[in-house]
There are 2 protein chains.
Amino acid sequence: MPTIKTSKEEILQKSLLLIWQKGYHDTSIGDLAITLGIAKSHFYYYFKGKEDLMMEILSYMLEKFTQILQRIVENPELDTSGKLQKLASKMARFYDFNGYSNGCLMANTALESVGKDYAFLPIVRKFFSTFIEYLTQIYSEKYPADEAARMAVQALQEFEGALLLTRLFADENYLKQALERIASR
Amino acid sequence: MPTIKTSKEEILQKSLLLIWQKGYHDTSIGDLAITLGIAKSHFYYYFKGKEDLMMEILSYMLEKFTQILQRIVENPELDTSGKLQKLASKMARFYDFNGYSNGCLMANTALESVGKDYAFLPIVRKFFSTFIEYLTQIYSEKYPADEAARMAVQALQEFEGALLLTRLFADENYLKQALERIASR
DNA sequence: GTCTATAATAGGATAGAC
DNA sequence: GTCTATCCTATTATAGAC
């Protein structure tokens with residue numbers, strides 16, 4: 001039996017972080033190999049190619065994120081306000097690393113893939129539509145359906161804009177204030 | 001005297017559009033050459049390199065955008081609401097091409113350059129801080145200074161988020177509705 | 001101002017030994 | 001499961017003729 005030194009899971013996790021930081025196009029297999037401490041070619045033992053890796057990363061993120069949202073929305077112990085609070089704190093932890101943020105991987109990917117023939121687009125779209133759906137569900141407990149839907153879209157937009165500014169100016173206050181605003185509606 | 005067939009201005013304009021669509025990393029000198037109808041190497045007659053071109057593009061955008069904002073803010077014939085309306089209609093025309101948007105070049109660039117050693121960052125930051133400053137000035141006519149500043153940041157965030165969704169889902173309604181909201185406050 | 005040719009390198013990917 | 005060696009293509013950039 002062969003010795004497992006590096007697991008696919010480990011490669012996925014570390015690659016995710018690097019691509020999140022540097023962006024898809026600017027992260028080469030070589031960069032990944034150095035970060036992972038493996039030979040460049042060994043990467044292909046785990047993945048068909050760079051695009052294949054990215055698909056797995058995005059799927060992983062979508063799944064994890066959907067889980068988080070689902071648990072909050074379906075938690076019977078939380079009222080509307082509690083759900084929004086919980087969501088905000090989860091997001092803050094998820095996107096903020098010691099006051100610094102890499103922005104939203106999905107948004108970054110979106111901007112790097114729109115208009116091209118990448119397979120990434122459907123999964124990125126799914127991410128955002130899922131986000132809006134769950135948020136609409138929460139706001140629906142307190143507001144009429146159409147109003148809730150509008151609020152969800154607005155909240156997502158503010159959130160993404162805040163992530164952009166947080167990253168660009170390396171100032172987590174944009175993110176924190178946006179989340180406060182969104183949770184208090 | 002030599003014959004001028006292609007001007008630097010023309011290269012700049014056309015390059016801007018292509019990079020806006022495809023993104024900086026995914027646009028090669030070769031791509032540009034094809035679009036411009038020139039030899040690949042001829043590009044270097046006008047620009048020191050790709051990064052040099054990008055700097056000029058970003059400077060151009062910053063200048064043009066600052067002009068637009070300045071003219072609106074300093075127009076004595078417009079009241080607060082009129083300024084916001086004017087701004088919204090300018091933005092809609094600037095960012096929306098026949099119902100499709102390429103998103104915000106500055107935001108796209110930001111996400112492609114943050115965390116790297118690119119010279120782009122200062123100019124992208126300047127763009128966003130200028131935007132916030134002018135918007136704060138407009139809201140200040142109607143709201144207290146600190147409230148106006150907060151509203152400006154929020155408006156920018158909604159706007160950028162809306163551009164993201166507009167591009168991702170190829171649906172200009174996100175942009176239109178965000179602009180309506182921002183202008184009516 | 002524009003082109004052809006070419007250098008130089010980086011990046012994605014495969015073959016095959018261990 | 002991991003490595004070295006290698007291939008191939010794309011891409012940035014330069015040299016020099018017209």
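Proteins get letters first, then strands, A, B, ... in listed order; numbering begins at 1 in each. Only heavy atoms go into these numbers, but all of them, side chains included; no hydrogens, no water, no symmetry mates.
For B:Tyr44, a side-chain nitrogen or oxygen approaches OP1 or OP2 of D:dA13 to under 4.0 Å.
Base engagement by A:Lys40 is indicated by at least one non-hydrogen atom pair under 4.0 Å involving a base atom.
Aromatic ring pairs are classed by plane angle as parallel below 30°, tilted from 30° to 60° and perpendicular above 60°; the pair B:Tyr174 and B:Phe169 is tilted. Using the six-membered ring where Trp is involved, A:Phe159 and A:Tyr95 have ring planes that are perpendicular, over 60° apart on the 30 and 60° scheme. Using the six-membered ring where Trp is involved, B:Tyr118 and B:Tyr24 have ring planes that are perpendicular, over 60° apart on the 30 and 60° scheme.
Rounding to whole angstrom units, CZ of residue B:Phe47 and P of D:dT11 are separated by 19 Å. Computed from coordinates, the A:Asp26 CG to C:dA10 C1' distance equals 12 Å when rounded to whole Å. Look at CD1 on A:Ile38: it is 12 Å from P on D:dT4, rounded to the nearest Å. As rounded to whole Å, 18 Å separates atom P of D:dT9 from atom CD1 of A:Ile29. The interatomic distance linking A:Glu51 (CD) with C:dG12 (P) rounds to 12 Å, in whole Å. Distance, B:Lys22 NZ to D:dT11 C1': 13 Å, rounded to whole Å. Counting to the nearest Å, the P atom of D:dC3 and the CG atom of A:Leu36 are 11 Å from each other. We find that CG of B:Leu53 is positioned 15 Å from C1' of D:dT11, with the value rounded to whole Å.
Nearest to the side chain of B:Lys50, among D:dT12, D:dC3, D:dT2, sits D:dT12. You'll find that the side chain of A:His42 is closest to D:dT2, out of C:dT4, C:dG12, D:dT2.
A donor N or O paired with an acceptor N or O is not found under 3.5 Å between the base of D:dT2 and the side-chain atoms of A:Ser41.
Under the 3.5 Å distance criterion, the side-chain polar atoms of B:Trp20 are left unmatched by any main-chain donor or acceptor of B:Asn108.
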